[in-house]
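Written out below as structure tokens is the structure these notes cover.
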Amino acid sequence: MTTRTLRIAMNGITGRMGYRQHLLRSILPIRDQGGLTLPNGDKVQVEPILVGRRENALAEIAEQHDVAEWTTDLDAVIADERTDIVFDASMTSLRAGTLTKAMKAGKHIFTEKPTAETLSEAIELARLRQETGVTAGVVHDKLYLPGLVKLRRLVDEGFFGRILSLRGEFGYWVFEGDHQAAQRPSWNYRKEDGGGMTTDMFCHWNYVLEGILGSVKSVTAKTITHIPTRWDEQGKEYPATADDAAYGIFEVAGPSGEEIVAQINSSWAVRVYRDELVEFQVDGTHGSAVAGLRNCVAQQRAHTPKPVWNPDLPATEPFRDQWLEVPANDDLDNGFKAQWEEFLRDVLAGREHRYDLLSAARGVQLAEAGLASSAEGRRIALEPISL
Ligand SMILES: NC(=O)c1ccc[n+]([C@@H]2O[C@H](COP(=O)([O-])OP(=O)(O)OC[C@H]3O[C@@H](n4cnc5c(N)ncnc54)[C@H](O)[C@@H]3O)[C@@H](O)[C@H]2O)c1
């Protein structure tokens, strides 16, 4: 029996992430499966309210997906006492303002990352959550990906022995937009609009490193704009003012304080010679694993070959064949939907969500420190954040 309906105002729903991952892959499937079933058997339904700037686009999406309500008045929907949750997937630069208004109005919030453009704003948001007592969740989608769920399981089972290092490769070629349209929005390449690889990805890398290995203690990064000129959605040439690649080294403290070195390359100016668009290799004394978005392969110490360096001979070892697939052993749903469901259960139970605004603030801190490290040409130690 449906006992309650949660009304969720979804801002930025015409965007790439808002539409595909949050509406299409998360909230509509939750609605269409009849909502969430609580431990006592009761059902809680969800009802999205689409929020954006363009009436036509909103009306079209609402019609197409049988959504009853949409509005261009963000302030009114935040103030509306019937709204339970405010979700934001709009442009990064507008986020802190929207989240602040929503929490002050007593709404629970779920939001895309980064939560803010500066660390002080991100900390302010975490403080406001503490004051208002609302439930706040920030997208930590990578930790819900099947590949990373398998990798985390290997860590939990002690597969690696002592973990030594992590190497990550993220990226693909994003077209400039002149001869072929770019496959990402142009604001991503303008610093003044909140764009940039470091701002975008280091907040992901912070929770990935925390979630798999331990807390990040320092960063040394080189950020760069490889492609200085791009063409926007209207075919107009513009200067790319934001970094489109970031090469980072992160010192991580494992659970017993052991030092783990993580290196992650992030680039929108790289061509893919990998199995997936992001891949992480973890090496430990007893085993190693490589995880992508979906797959994870592992190699134990006992199965480790003994290569001998000899450039005069062709490689005889079939290195890739020497790894074993790690099975899912479970039904791993879309990561965004899985986190939404967990968040909604937290809202209903009146408790905090584990991936909150403080974790998001550490992500923003890492991005800021990465940019500063590159600008100043030095390693930056990260101070613990307290509220
Ligand atoms: N979790 C992830 O893996 C992931 C991936 C990509 C982007 N993101 C984040 O999601 C957010 C949206 O990114 P996207 O790629 O979907 O961008 P997008 O440009 O496709 O969508 C942005 C949305 O904001 C709206 N918008 C743009 N300019 C606006 C303005 N001036 N005023 C009001 N609304 C405006 C657009 O209409 C659209 O609905 C960003 O904060 C980004 O960092 C997260």
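Hydrogens, waters and symmetry mates play no part in the numbers below; they use all other heavy atoms, side chains included. Both counts, for ligands and for their atoms, begin at 1 and track the order of listing.
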Return the closest protein heavy atom for atom 6 (C) of ligand 1 as residue, atom name and distance.
Arg16 NH2, 3.3 Å
Looking at ligand 1, is there an atom of it that comes within less than 4.0 Å of some heavy atom belonging to Lys142?
yes
Heavy atom to atom 36 (C) of ligand 1, shortest distance: which of Arg20, Arg53, Met17, Met91 holds it?
Arg53
Under 4.5 Å side-chain linkage, directly or through intermediates, the cluster mates of Leu94
Met91, Trp187
Salt bridge (Lys or Arg N to Asp or Glu O under 4.0 Å) filter on Glu279, not counting sequence neighbours, yields none
Can you tell me if Tyr172 and Arg184 form a side-chain donor-acceptor pair at under 3.5 Å?
yes
Does Arg167 qualify as a cation-pi partner of Phe280, given the criterion of NZ or CZ under 6.0 Å from the six-membered ring centre and within 45 degrees of its axis?
no
Atoms in ligand 1 flagged as close to Pro114, the criterion being non-hydrogen separation under 4.0 Å:
43 (O)
Per-atom contacts of ligand 1 with Pro185, taking only distances under 4.0 Å to non-hydrogen atoms:
15 (O), 17 (O), 18 (P), 19 (O), 20 (O)
Under 4.0 Å between a side-chain nitrogen and a carboxylate oxygen: does that hold for Glu157 and Arg153?
no
Could you identify the single nearest non-hydrogen protein atom to atom 39 (O) of ligand 1 and state the distance to 0.1 Å?
Thr14 OG1, 2.8 Å
Is ligand 1 less than 4.0 angstrom away from at least one heavy atom of His204?
yes
Minimum-distance protein heavy atom relative to atom 43 (O) of ligand 1
Lys113 O, 3.0 Å
Looking only at heavy atoms of Ala89, does any of them come nearer than 4.0 Å to an atom of ligand 1?
yes
With heavy atoms of Arg95 as the reference, note each atom of ligand 1 found under 4.0 Å away.
11 (C), 40 (C), 41 (O)
Salt bridge present between Glu352 and Arg129 (N-O < 4.0 angstrom):
yes
Could you tell me the residue and atom name of the protein heavy atom closest to atom 21 (O) of ligand 1, and the distance to it rounded to 0.1 Å?
Gly15 CA, 3.2 Å
Give me the residue, atom name and distance of the protein heavy atom closest to atom 19 (O) of ligand 1.
Trp187 NE1, 2.7 Å
Once you restrict to heavy atoms under 4.0 Å, what part of Asn188 touches ligand 1? Side chain, backbone, both or neither.
neither
Salt-bridge test for Glu124 and Arg127: reply yes if a basic N is under 4.0 Å from a carboxylate O, no otherwise.
yes
Should the pair Glu276-Arg294 be classified as a salt bridge under the 4.0 Å nitrogen-to-oxygen rule?
no
Looking at atom 44 (C) of ligand 1, what's its closest protein heavy atom, distance included?
Glu112 OE1, 3.0 Å
Could you list the atoms of ligand 1 found under 4.0 angstrom from a heavy atom of Gly12?
39 (O)
Given the ring of Phe336, does Arg25 sit roughly above its face, with NZ or CZ under 6.0 Å from the centre of the six-membered ring and within 45° of the axis?
no
Ala57 heavy atom under 4.0 Å from ligand 1
no
Nearest protein heavy atom with distance in Å, relative to atom 24 (O) of ligand 1
Ser90 OG, 3.2 Å
So, are Asp66 and Arg31 salt-bridged, with charged N and O less than 4.0 Å apart?
no
Can Glu251 and Arg379 be counted as an ion pair, charged N to O under 4.0 angstrom?
yes
Decide, yes or no, whether a salt bridge links Asp178 with Lys236 under the criterion of side-chain N to carboxylate O below 4.0 Å.
no
Applying a heavy-atom cut-off of 4.0 Å, say which part of Asp141 lies close to ligand 1: side chain, backbone, both or neither.
side chain
Looking only at non-hydrogen atoms, which of Ile13, Asp193, Val139, Thr92 approaches atom 41 (O) of ligand 1 most closely?
Thr92
